[in-house]
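Quick note: numbers below take in every heavy atom, side chains included, and nothing from hydrogens, waters or symmetry partners.
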Amino acid sequence: MKKYIIFSIALLAGAFFMTSCSEDELNKETIITLDKVDKNPFDEWLEANFVNTYNIEVKYRFEDIESDHNYYVIPAEYNQAIKLAHIVKYACLEAFDEAAGITFTRTNFPKLIYMVGNWEYRNNNTMVLGTAEGGKKIFLAGVNHVNEYTMSRANLNHYYLKTVFHEFTHILNQTKDYSPEYKLITPTTYIAGEWSTSANNVAEVYLPNGYISAYARHSAGEDFAEMFSIYVTNDQATWDSFLASAGAEGANLISAKLEMVKSYMRDSWGFDMDELRSIVLRRENDVASRSIDLMDLSVN
């Protein structure tokens, strides 16, 4: 009986306490906080030139969820991210605008570009320069080396621009597939993971076998993307030197692949690869010579 009385008193005390508390005004300040970032001049420039113009978001602040957890990566440096954003806009987006029309670029270019400071290093002596994910995102690495590797067209292409054109090719292929006959040009010499070995990663091996790069031997899809990206970022003299090094048989195979890539871009997407190449080369020269200001954050 005593226990019952004590319990009843406790209930009454609790009811009184709850009634008393209910008369207090609730605090309107939330204890849940979200990361809020004040916009800086670069954010405003990105909004005007990427979001409003192309509906593309550029993330340069580090976000763990956007990164591949199999690699150790670091944040992109602010000033170098500004420069790479300018380079992508001027030498890629606006190059496609000029060759295929801004509607093509707005419609097909992925809606997210994510940047990190270093490259992703594999344990087979290779590194990831960039990737494309599901037609929606392009990942660009090595941002903190922009000052070092964009003063010549060769480095600009190798470390950055060729990667963007390569990954964009995958996105176009995901929307409209290329002819299965492409795989029949060199059907038996794709070697997947073995492309990076010292025995295969040399021009004297891959060019005579009908591949424009060592990585092109990974698979038909990578071969197709390498053909497009390397062609539009190199002048005719350099391309001719590749064919000369390939020998007659290798050159014929590479040329047959190139014609199929050109036909695909013309028939499926309505632009001429030779015209695009002349535009890209001109714009790349402007970047390498710094005849454009890569730090300009003025918003018109």
Taking the side chain as every heavy atom from C-beta outward, state whether [X] and [Y] have any atom pair closer than 4.5 Å.
{"X": "F242", "Y": "I212", "value": "yes"}
{"X": "P110", "Y": "K137", "value": "no"}
{"X": "N108", "Y": "W269", "value": "yes"}
{"X": "S255", "Y": "L243", "value": "yes"}
{"X": "K111", "Y": "E57", "value": "no"}
{"X": "V146", "Y": "Y160", "value": "yes"}
{"X": "R290", "Y": "T150", "value": "yes"}
{"X": "H166", "Y": "Y215", "value": "yes"}

Spacing of [X] atom [atom1] and [Y] atom [atom2] [to the nearest 0.5 Å]:
{"X": "F165", "Y": "L172", "atom1": "CZ", "atom2": "CG", "result": "11.0 Å"}
{"X": "N234", "Y": "L281", "atom1": "CG", "atom2": "CG", "result": "7.5 Å"}
{"X": "D296", "Y": "K83", "atom1": "CG", "atom2": "NZ", "result": "13.0 Å"}
{"X": "E226", "Y": "K257", "atom1": "CD", "atom2": "NZ", "result": "11.0 Å"}
{"X": "E259", "Y": "M273", "atom1": "CD", "atom2": "CE", "result": "9.0 Å"}
{"X": "F224", "Y": "S229", "atom1": "CZ", "atom2": "OG", "result": "11.0 Å"}

>> Cation-pi check for Y206 against R217: NZ or CZ below 6.0 Å from the six-membered ring centre and within 45 degrees of the axis, yes or no?
In response: no
Between [X] and [Y], a side-chain donor and acceptor under 3.5 Å:
{"X": "Y264", "Y": "D177", "result": "no"}
{"X": "T186", "Y": "Y211", "result": "yes"}
{"X": "N209", "Y": "T189", "result": "no"}
{"X": "T238", "Y": "D235", "result": "yes"}
{"X": "H170", "Y": "E222", "result": "yes"}
{"X": "T53", "Y": "R106", "result": "no"}

When you measure from the side chain of [X] to the backbone of [Y], do you find a donor-acceptor pair of N or O atoms at a distance under 3.5 Å?
{"X": "D223", "Y": "S219", "answer": "no"}
{"X": "T197", "Y": "E194", "answer": "yes"}
{"X": "K162", "Y": "N157", "answer": "no"}
{"X": "N52", "Y": "E47", "answer": "yes"}
{"X": "T175", "Y": "I171", "answer": "yes"}

Report task. Please state whether the rings of H86 and W45 are parallel, tilted or perpendicular, taking 30° and 60° as the class boundaries. Result ->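 It falls in the tilted class, 30° to 60°.
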Hey, what's the ring geometry for Y149 with H145, parallel, tilted or perpendicular (30° and 60° as the breaks)?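 Tilted, since the angle between the ring planes falls between 30° and 60°.
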Looking at R282 and E98, is there a salt bridge between them, counting it only when a charged N and a carboxylate O are closer than 4.0 Å? yes
Is there a path of hydrophobic side-chain contacts, each under 4.5 Å between heavy atoms of I/L/V/M/F/W/Y residues, joining [Y] to [X]?
{"X": "M151", "Y": "L294", "answer": "no"}
{"X": "I292", "Y": "V58", "answer": "yes"}
{"X": "Y190", "Y": "V205", "answer": "no"}
{"X": "V51", "Y": "I138", "answer": "no"}
{"X": "L253", "Y": "V261", "answer": "yes"}

By side chain to side chain contact (heavy atoms under 4.5 Å, CB included), N285 pairs with (sequence neighbours left out) R153
Looking at [X] and [Y], what are the two nearest heavy atoms and their distance?
{"X": "V164", "Y": "C92", "answer": "CG1-SG, 3.8 Å"}
{"X": "M227", "Y": "L258", "answer": "CE-N, 3.5 Å"}
{"X": "A251", "Y": "A246", "answer": "N-CB, 3.7 Å"}
{"X": "A203", "Y": "P208", "answer": "O-CD, 3.4 Å"}
{"X": "F50", "Y": "A85", "answer": "CZ-O, 3.5 Å"}
{"X": "N144", "Y": "Q80", "answer": "O-NE2, 2.7 Å"}

Legend entry - V116 and V143: CA distance, side-chain angles, deciding distance, side chain to side chain contact (heavy atoms under 4.5 Å, CB included) verdict: CA-CA 6 Å; V116 297; V143 176; 6.0 Å; no
- Item | Sub-6.0 Å ring centroid separation between F109 and Y54 | no
_Could you check whether Y60 and Y114 have their ring centres less than 6.0 Å apart?_
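Between Y114 and Y60, the centre distance exceeds or equals 6.0 Å.
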message = Quick one, F228 with L276, criterion side chain to side chain contact (heavy atoms under 4.5 Å, CB included). Give me CA distance, side-chain angles, the key distance, then yes/no.
response = CA-CA 11 Å; F228 177 75; L276 176 64; 3.6 Å; yes
Audit row: I279, F96, side chain to side chain contact (heavy atoms under 4.5 Å, CB included) steps and yes/no: CA-CA 9 Å; I279 294 166; F96 277 114; over 6 Å; no
I'd like to know whether K59 forms a side chain to side chain contact (heavy atoms under 4.5 Å, CB included) with M115, so could you lay out the CA-CA distance, the side-chain angles of the two residues, the decisive distance to 0.1 Å, and finally the verdict.
CA-CA 6 Å; K59 292 186 176 182; M115 302 179 179; over 6 Å; no
* Would you mind listing every side-chain hydrogen bond (donor to acceptor under 3.5 Å, both in side chains) that reaches into residues 271-280, with sequence neighbours excluded? =>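 Qualifying pairs, neighbours excluded: Y231-D274, Y231-R277, Q236-R277, K262-D274.
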| field | Step-by-step salt bridge (Lys or Arg N to Asp or Glu O under 4.0 Å) determination, D97 to K89 | value | CA-CA 10 Å; D97 291 351; K89 172 180 174 287; over 6 Å; no
